[in-house]
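To start, the structure itself, in structure tokens.
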Amino acid sequence: MNKVLINFAHPAKSRSKVNKALRKAVEGLDGITINDLYATYPDFMIDIEREKQLCEDHDIIIFQHPLYWYSTPAIIKEWLDLVLEHGWAYGSDGKALTGKILFQSISAGADASTYRTDGYNGFSLRELTSPLQATAKLCGLVWLPPFAVTGVHRGLEVEKTQSHTEDYRRIIIALRDSTINIEHAKQLELLNTDINQLIKGN
Ligand SMILES: Cc1cc2nc3c(=O)[nH]c(=O)nc-3n(C[C@H](O)[C@H](O)[C@H](O)COP(=O)(O)O)c2cc1C
């Protein structure tokens with residue numbers, strides 16, 4: 001069984017709808033650790049050794065966050081700047097993360113149709129997550145496209161939120177249990193584009 005680390009980053013958790021619901025759907029599952037970055041480090045004083053140990057203890061690392069200015073909330077950038085040390089994450093002796101899986105779980109205010117080359121935002125969500133893709137490449141991680149919930153500003157109906165939380169739970173369990181077709185996942189626009197094709201045995 002793989003161990004899954006969810007680095008959860010939401011600076012206004014009490015007002016969150018989507019990320020709170022996604023988190024609730026996987027919290028307490030066997031083999032899943034939720035690491036709430038803003039709750040643990042309200043002053044941004046990240047405990048580098050603790051974070052490195054958490055990464056070493058897990059096989060799959062997820063950054064779950066709302067999309068802020070086409071990117072992550074600030075604490076994830078701080079985490080990357082501090083934790084991914086030379087000689088640990090990269091460099092000739094930096095092999096601590098090699099072979100682990102990495103992806104982002106994103107919620108976005110704007111509709112899916114705006115996240116296209118010819119759409120209002122001009123870039124796909126997959127393209128917007130390329131800085132982490134490049135980071136993963138440098139550190140020898142296996143990068144996957146993001147799991148994404150879009151159109152949050154319009155307000156999601158209860159059924160839609162439920163279907164996203166179910167998808168999130170299914171994908172995380174499948175990653176934990178190695179029942180995901182990783183090569184297929186790498187090609188997808190989003191990790192939740194076609195879940196039934198993605199999970200083996202469906
Ligand atoms: C500072 C800030 C920046 C944001 N930037 C974007 C953005 O670039 N694109 C977008 O679609 N939504 C953006 N949003 C909307 C959030 O992504 C949205 O409110 C969030 O995903 C909702 O998730 P939640 O219910 O967990 O809070 C932004 C919101 C804030 C507060």
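As the structure lists them, so they are numbered: ligands from 1, and atoms in each ligand from 1.
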**Request:** Using a 4.0 Å heavy-atom cut-off, say whether Val152 meets ligand 1 through its side chain, its backbone, both or neither.
**Result:** side chain
**Message:** I need the atoms of ligand 1 closer than 4.0 Å to a non-hydrogen atom of Asn19, numbered in the order shown.
**Reply:** 23 (O), 24 (P), 26 (O)
**Request:** Hey, can you tell me if Tyr168 and Phe147 have their rings parallel, tilted or perpendicular (30° and 60° cut-offs)?
**Result:** tilted
**Message:** Is there a polar contact between ligand 1 and Lys20, counting only N or O atoms under 3.5 Å apart?
**Reply:** no
**Message:** Between Arg170 and Asn192, do the side chains contain a donor N or O and an acceptor N or O under 3.5 Å apart?
**Reply:** no
**Request:** Output yes when Lys186 and Glu183 qualify as a salt bridge under the 4.0 Å nitrogen-oxygen rule, no when they do not.
**Result:** yes
**Asked** Relative to the heavy atoms of Ala110, which atoms of ligand 1 are at a distance of less than 4.0 Å?
**Response** 10 (C), 11 (O)
**Request:** Quick one: look up the protein heavy atom nearest atom 19 (O) of ligand 1 and list residue, atom name and how far away it is.
**Result:** His153 NE2, 4.0 Å
**Prompt:** Would a line drawn from the ring center of Trp79 to the ring center of Phe63 be shorter than 6.0 Å?
**Reply:** yes
**Complete:** To atom 17 (O) of ligand 1, the nearest of Leu125, Ile106, Leu67, Asp111 on a heavy-atom basis is Leu67
**Request:** Classify the ring geometry between Tyr90 and His86 as parallel (under 30°), tilted (30 to 60°) or perpendicular (over 60°).
**Result:** perpendicular
**Message:** Closer than 4.0 Å to some heavy atom of Lys17 - which atoms of ligand 1 meet that?
**Reply:** 24 (P), 25 (O), 26 (O)
**Prompt:** Any salt bridge between Lys24 and Glu27, counting N to O under 4.0 Å?
**Reply:** no
**Asked** For ligand 1, which atoms have a heavy atom of Pro66 less than 4.0 angstrom away?
**Response** 20 (C), 21 (O)
**Item:** Exceeds 12 heavy-atom contacts within 6.0 angstrom, atom CE of Met45
**Value:** no
**Request:** Decide, yes or no, whether a salt bridge links Asp111 with Arg154 under the criterion of side-chain N to carboxylate O below 4.0 Å.
**Result:** yes
**Prompt:** Side chain or backbone of Tyr115 under 4.0 Å from ligand 1, or both, or neither, by non-hydrogen atoms?
**Reply:** side chain
**Request:** Show which atoms of ligand 1 fall inside a sub-4.0 Å distance from at least one heavy-atom site of His10.
**Result:** 24 (P), 26 (O), 27 (O)
**Request:** Tell me which protein heavy atom sits closest to atom 21 (O) of ligand 1, plus the residue, atom name and distance to 0.1 Å.
**Result:** Ser107 OG, 2.5 Å
